[in-house]
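Scroll down for the structure; my scribbles are underneath it.
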Amino acid sequence: MSIKLYNTLTCRTEELIPGGERMDSPEQYPPVTIYSCGPTVYGPAHIGNFRTYIFNDLLRRYLKFRGYRVNHAMNITDVDDKTIAGSSKEGISLREYTDRYTATFFDDLKTLGIEPVEHNPRATESIDAMIDIIARLNKKGLVYEKEGSLYFSISKYPRYGRLSRVDSREIKSGLRYDTDEYEKDDIRDFALWKGAGPDEVGWDTPFGRGRPGWHIECSAMVRKIFGTTIDIHTGGVDLIFPHHENEIAQSEGAYDEPFVRHWVHWEHLLVDGAKMSKSKGNFYLLRDLTEKGHSPRSVRYLLMSAHYRKQLNFTIEGLRQAESALGRIDNLIVRLKDIRRDGPGNAELPAMIEDLFSRFCESVDDDLNISRGLADFFDFLHGVNGLIDGDAISMADANLVMDVLKRIDTVFGFIFFGEAAPEADVPWIEDMIRRRQEAKKARDFARADSIREELSSKGIILEDTKDGTRWKQKT
RNA sequence: GGCGCCGUACCCAAGUGGCUAAGGGAGAGGUCUGCAAAACCUUUAUGCAGCGGUUCGAAUCCGCUCGGCGCCUCCA
């Protein structure tokens, strides 16, 4: 069994072989080297952006779950036209401006349960590596200069276009035209280095003062951090062309070795059937949803529940459905914690657990099919609920199941293990429950119901079972 | 105009040549309950946009039609 991922470069689902040499077990492989295109920090990221970061997270979590080690980098683009424009508009330094949105970004990642990755390089801290690439390209005659800016010359690089199959395209003049303000020889050429005046944001380099083109930073960071061919490069589908195509041209042009083994691209989040984007204005920020009372974990659940290579249309109704599904998982945990029976373990349970993991791995190994993995998980959940209903489960079994949930949540990252919130006044709640029991015993159901309603208004839900009343917090 | 993807139940969504088309949400009936809630059981697509074709056999392959989306321009 091995992990298979769709590779945009070959248009095929291919086995992941970290380091390029097959081993007998995941532990024997070198760490999986992953580079993910990160945000340009010119404002808060919207949930469409976060769909890709959630899938980056799912990928690395699943690799670790399967026993691989990972070495993962995600860049922060902290210099480009938008960040420069934004900071000058506010009259603050570029650094101050980008620091603000970088912090917002990391806060949101944390809120969504996205694990920190091993490296978060910033473009402005990787200028040296960019200079090295440009110098190498220049030595090979792939660079030309025009009005202080340096461009990559695609006509001198025949291998261009393999990722996006752009070579078969015709750039239709009139329909689409170049909006770049810089002069270029060929419409497809792209800027490696943009010349800057003495008062503009810039760095002094052997080829003059200027700032990086958009694509060069990723090539530079990959080289700086990993040194050689990496296993996986990820990003949104909109980056296939031209961004990733240009990265390949720069890196392979400069270093004469394969840049990336496996290209993985996440599909877009839509809203009302159209791509969610800042420029269209049809986006939700994470805080737009949390302020309305939607939990971050339901956002996480929803965004990752559909396969990554399929567009997902975001709706509030979808978020509600995700919340209900999560409620089902929460309830299992409440029920497990409530089990007090000693005694021998259930004979069926170990096989159920084994079945869950083998099915789950089979599903998710197959191009990260988390939808199927979720179905496997819910089948297991259903089975355990059946055991609980039949009173066929002991405390030891319950702990075993809790361990399973914790293990599987190292992949999901959205299960709520229900630590009692500090504001919950447990003695008071228990007192209220006791008073309600007395009322029930006296058949004063009006009073019993009013106690239940009072607790409900404080966010405490009561459930009567044959072993007594238990409570849980609304989540 | 070029390139590519998608259309599966009331909603979301797996499945891409062959057992009775996963799973979640919602609804209905039942068990339990003073009533709820939760859970469990039963139930909701002879059908996979439409029409042709290939095949012993198709949601799955091919062609056409209709509908939707993305990329080709900053973008996740």
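Basis for what follows: all heavy atoms, side chains included, without hydrogens, waters or symmetry-related copies. Keep in mind that this is a model prediction, so the values were computed, not measured. Residue numbers begin at 1 in each chain, while the letters A, B, ... track the order of the sequences.
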Query raised in the report: So, is A:K310 close to the B:A14 phosphate, meaning a side-chain N or O under 4.0 Å from OP1 or OP2?
Result: yes

Query raised in the report: When the distance from CD1 of A:I240 to C1' of B:C69 is rounded to whole Å, what number comes out?
Result: 14 Å

Requested in this report: Locate the shortest heavy-atom distance separating A:P39 from A:Y53; write the atom from each residue and the value.
Outcome: N-OH, 3.2 Å

Query raised in the report: Rounding to the closest angstrom, what is the interatomic distance between B:G24 and B:C56 at atom P?
Result: 39 Å

Report task. Using whole Å, report how far CG of A:L312 lies from P of B:C12. Result -> 10 Å

Query raised in the report: Which heavy atom in A:A306 sits nearest to a heavy atom in A:R51, and how many Å separate them?
Result: O-NH2, 3.6 Å

Query raised in the report: Side-chain donor or acceptor of A:N385 under 3.5 Å from a matching atom on the base of B:A39?
Result: no

Report task. Take atom P in B:G50 and the same atom in B:A59, then report the distance between them in whole Å. Result -> 11 Å

Query raised in the report: Under 3.5 Å, is there an N or O donor on one side and an acceptor on the other linking the side chain of A:R452 and the base of B:A36?
Result: yes

**Report entry** side-chain N/O A:K280 vs B:G70 OP1/OP2, d < 4.0 Å
**Finding:** yes

**Report entry** P spacing across the pair B:A49 / B:U60, given as an integer number of angstrom
**Finding:** 8 Å

Query - Side-chain donor/acceptor contact of A:R165 with base of B:C71 under 3.5 Å - result: no

Query raised in the report: Can you check whether A:N313 has a side-chain N or O nearer than 4.0 Å to OP1 or OP2 of B:C69?
Result: no

Query raised in the report: In whole angstroms, how far is the P atom of B:A39 from the CG atom of A:L381?
Result: 9 Å

Report task. Return the value, rounded to whole Å, for the distance between atom CZ of A:R320 and atom P of B:A26. Result -> 12 Å

Report task. For nucleotides B:A9 and B:C69, find the distance between their C1' atoms and express it as a whole number of Å. Result -> 23 Å

Report task. Answer with base, sugar-phosphate or nothing: what part of the nucleic acid does A:D449 contact at a heavy-atom distance below 4.0 Å? Result -> base

Query raised in the report: Per the atom types in the model, does the base of B:G70 pair as donor or acceptor with the side chain of A:D238 at under 3.5 Å?
Result: no

Query - Euclidean distance for C1', B:G23 against B:U8 (whole angstrom) - result: 14 Å

Query raised in the report: Under 4.0 Å: is that the gap between some side-chain N or O of A:H307 and OP1 or OP2 of B:A13?
Result: no

Report summary line: Here the distance between atom P of B:C74 and atom NE2 of A:H268, to the nearest Å, is 14 Å

Query raised in the report: Taking a pair as Watson-Crick or G-U wobble with both distances under 3.5 Å, which nucleotide is matched to B:A76?
Result: none

Report task. Considering only atom P, compute the distance from B:A21 to B:A28 and round it to an integer number of Å. Result -> 26 Å

Query raised in the report: What is the nucleic acid contact for A:N331, judged by heavy atoms within less than 4.0 Å: base, sugar-phosphate only, or nothing?
Result: sugar-phosphate

Query - Donor/acceptor link under 3.5 angstrom from A:Q311 side chain onto base of B:G70 - result: no

Report task. Take the protein atom NZ of A:K4 and the nucleotide atom P of B:U16, then report the distance between them rounded to whole Å. Result -> 12 Å

**Report entry** Atom-pair distance (CD on A:Q321; P on B:G27), nearest Å
**Finding:** 11 Å

Query raised in the report: A:Q473 has an atom CD; how far is it from atom C1' of B:A38, in whole Å?
Result: 17 Å

Requested in this report: Could you tell me whether the side chain of A:N56 reaches within less than 4.5 Å of the side chain of A:H72, counting heavy atoms only?
Outcome: yes

Query - C1' atoms of B:C19 and B:G57, separation to the nearest Å - result: 13 Å

Query raised in the report: Mind checking whether A:F152 and A:Y157 have parallel, tilted or perpendicular rings, split at 30° and 60°?
Result: perpendicular

Query raised in the report: Considering Watson-Crick and G-U wobble pairs with both distances under 3.5 Å, what does B:C32 pair with?
Result: none

Report task. Mark yes or no for a side-chain to base donor-acceptor pair under 3.5 Å between A:D464 and B:C35, with no hydrogen or angle criteria applied. Result -> yes

